[in-house]
2 protein chains.
Amino acid sequence: MTRLLIADDHNVFVEGIESLISGSSEIEVVQRCYSASSVIETLKQVAIDVVLLDVSFPLIDDGLGLCEQITRLYPQTKIIALTMHDDASLIKRMVKKGAQGYLLKNTTKMELLQAIRTVAEGKQYFNETITHVLLNDEPRFRKSIAGAGLKPNLTPRESEVLTLMAQGLTTHQMANQLFVSDKAVEFHRSSLLMKFGVHNTALLIKTAMEMQYID
Amino acid sequence: MTRLLIADDHNVFVEGIESLISGSSEIEVVQRCYSASSVIETLKQVAIDVVLLDVSFPLIDDGLGLCEQITRLYPQTKIIALTMHDDASLIKRMVKKGAQGYLLKNTTKMELLQAIRTVAEGKQYFNETITHVLLNDEPRFRKSIAGAGLKPNLTPRESEVLTLMAQGLTTHQMANQLFVSDKAVEFHRSSLLMKFGVHNTALLIKTAMEMQYID
DNA sequence: GAAGAGTCTAGGGTTTCCCCTAATTTTCAC
DNA sequence: GTGAAAATTAGGGGAAACCCTAGACTCTTC
């Protein structure tokens, strides 16, 4: 049973979602929250698997901040960002702040359920509209988000760095081995983190192994 | 073909080893070195898989320093420490400086070849005498070295920390989750690094996954 | 030739990791 | 109940990782 929290101050919308989900046997709406503080308060008291987080215009910064806060305080709670707008930079920022999924508010019931299921399993979920928006934006995001859940395409250098990382080399050691500066290696590592949608070495290695980039 | 470098200033011993190995079709003695500087010089020019490193008494510090240097500069070159003495603290220090194996000079041909083979594959090699010495020393070393190449036994806490690390949590996040201080988490992580015989998160995660502690 | 992708480098800043030493408390087995 | 192992905490220090911005150089493609 996936335990869901809905963070949205649009009553009508929340009720809509609740009725959509009420029929599901695998998802349970544990709480509705109309403010950032009540979200944090709830997470403090109840175990939540997935947060459906509204990022409406007047609250963009709150949404971002809240997303970051949830990720930092409750790293195992997954976040799906909900918005009316398909602004590329906003989507990117949400992802960077820890959102595992992104949905437009005109989503279907099927997609909503699928998104919740997907992120609950620890994967990322982005629909076609979103990936399309990102495809037309920053290049480094393409392969990663476009293939969310799927395998990102690595450049030759990135593959080399990944392999060396898996052998336990430090940035400096890799730099010596590849005859480039430490900064170059750092750049490729951060590209890897981004493409795999993770935030540190531990998860990078684990994810890369699961996707069979290593071994 | 494993490319071997022998770093030992005892001529007789070196020749003995060479004749022992000369019959092997899988190991090739690429170079003999009688000083630390010539070892580094050689590594600079030739690719070496394994270094047999003497740690005789008058050169203990040199041996340690050289071991550290090799690990730092050529992290993919494996090191087997050779010594006449089974001093626990020296063994531990060598391991910490990056030695993957440790042999007493009264070793047999079979064991020597086995040790070279083992470390060349990226595993650790310690014989029974060595493990026995360590067993009677620091507790934290026991399970790890005793089970070198085998699976270390983790305490419940260590398992928890390992699992959370694999989920990408930072030290601070794990500390919150486990309701302990950051220092406690750091301690368990360093225990994990020691038990798995690795020096950073990347290799820890990779090794732990290979040994199926994760997933 | 302009755009895109990949690579490399740089500077500066913050956080996390990793190591060392050292001490206390709890838990469990003999 | 005594000792061994596990778990906890602490403080300090240094290295490595991570983030951000930003410029420059190739090569290929349109």
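Predicted, not measured: the structure shown is a model, and the values here were computed from it. A, B, ... follow the sequence lines: proteins, then strands. Residue 1 opens every chain.
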Proximity to DNA chain D (any heavy atom under 4.0 Å), residues of residues 154-161 of chain A only: none

- request: Apply side-chain contact (heavy atoms from CB on, under 4.5 Å) to R157(B) and list each qualifying residue two or more places apart in sequence or on a separate chain.
  value: T155(B), E160(B), L178(B), V180(B), H188(B)

message: With a 3.5 Å distance limit and no angle check, can you tell me whether N200(A) reaches the backbone of G168(B) through a side-chain donor-acceptor pair?
response: yes

field: Length of the CG-P vector between L204(A) and dC19(D), whole Å
entry: 11 Å

- request: Only counting residues at least two apart or in another chain, list the ones meeting side-chain hydrogen bond (donor to acceptor under 3.5 Å, both in side chains) with Q177(A).
  value: Q76(B)

message: S159(B): which residues meet the side-chain contact (heavy atoms from CB on, under 4.5 Å) condition with it, sequence neighbours left out?
response: L154(B)

- prompt: Mind checking whether M211(B) and T207(B) have side chains closer than 4.5 Å, heavy atoms only?
  reply: yes

- prompt: Rounded to whole angstroms, how far apart are CG on D182(A) and P on dG12(C)?
  reply: 16 Å

task: Quick one: closest heavy-atom pair of A115(B) and Y125(B), and the distance?
output: CB-CD2, 3.5 Å

statement: F179(A) CZ to dC8(C) P, in whole Å, measures 13 Å

message: Suppose we screen for side-chain hydrogen bond (donor to acceptor under 3.5 Å, both in side chains). Which residues come up paired with T107(A), at least two apart in sequence or across chains?
response: E111(A)

Can you name the atoms? Protein N/O to nucleotides 27-30 of chain C N/O, anything below 3.5 Å, with the distance.
none

- request: Using a 4.0 Å heavy-atom cut-off, write out nucleotides 14-20 of chain C from 5' to 3' as B (base contacted by protein), S (sugar-phosphate only) or - (no contact).
  value: ---SBBS

message: Output the rounded distance in Å from CZ (F196(A)) to C1' (dC18(D)).
response: 17 Å

message: T118(A): which residues meet the side-chain hydrogen bond (donor to acceptor under 3.5 Å, both in side chains) condition with it, sequence neighbours left out?
response: Q114(A)

- prompt: Rounded to whole angstrom units, what separation is found between the CG atom of L203(A) and the P atom of dA17(D)?
  reply: 16 Å

- request: To the nearest 10°, let me know how far the axis at one end of the helix from dG1(C)-dC30(D) to dC30(C)-dG1(D) is tilted from the axis at the other, five pairs an end.
  value: 50°

field: Test side-chain hydrogen bond (donor to acceptor under 3.5 Å, both in side chains) applied to T171(B) - qualifying residues, sequence neighbours left out
entry: R189(B)

message: Does anything in residues 69-78 of chain A form a salt bridge (charged side-chain N to carboxylate O under 4.0 Å, His left out)? List the pairs, not counting sequence neighbours.
response: none

query: T77(A): what forms a side-chain contact (heavy atoms from CB on, under 4.5 Å) with it, not counting sequence neighbours?
result: L43(A), I48(A), V51(A), I70(A), Y74(A)

- request: Could you check how far CE of M194(A) sits from P of dA17(D), rounded to whole Å?
  value: 18 Å

query: Any Lys/Arg nitrogen of D8(B) or R32(B) sitting under 4.0 Å from an Asp/Glu carboxylate oxygen of the other?
result: no

field: Closest to side chain of H188(A), choosing from dT9(C), dT7(C), dT8(D)
entry: dT7(C)

task: Can you see which heavy atom on S35(B) is nearest to which on S38(B), and at what distance?
output: O-OG, 2.9 Å

- prompt: In whole Å, what is the span from the CZ atom of F187(B) to the C1' atom of dA6(D)?
  reply: 8 Å

- request: Can you tell me the distance, in whole Å, between the CG atom of L178(A) and the P atom of dT7(C)?
  value: 11 Å

query: When you check the gap from the basic side-chain N to the acidic O, do K206(A) and E210(A) get nearer than 4.0 Å?
result: yes

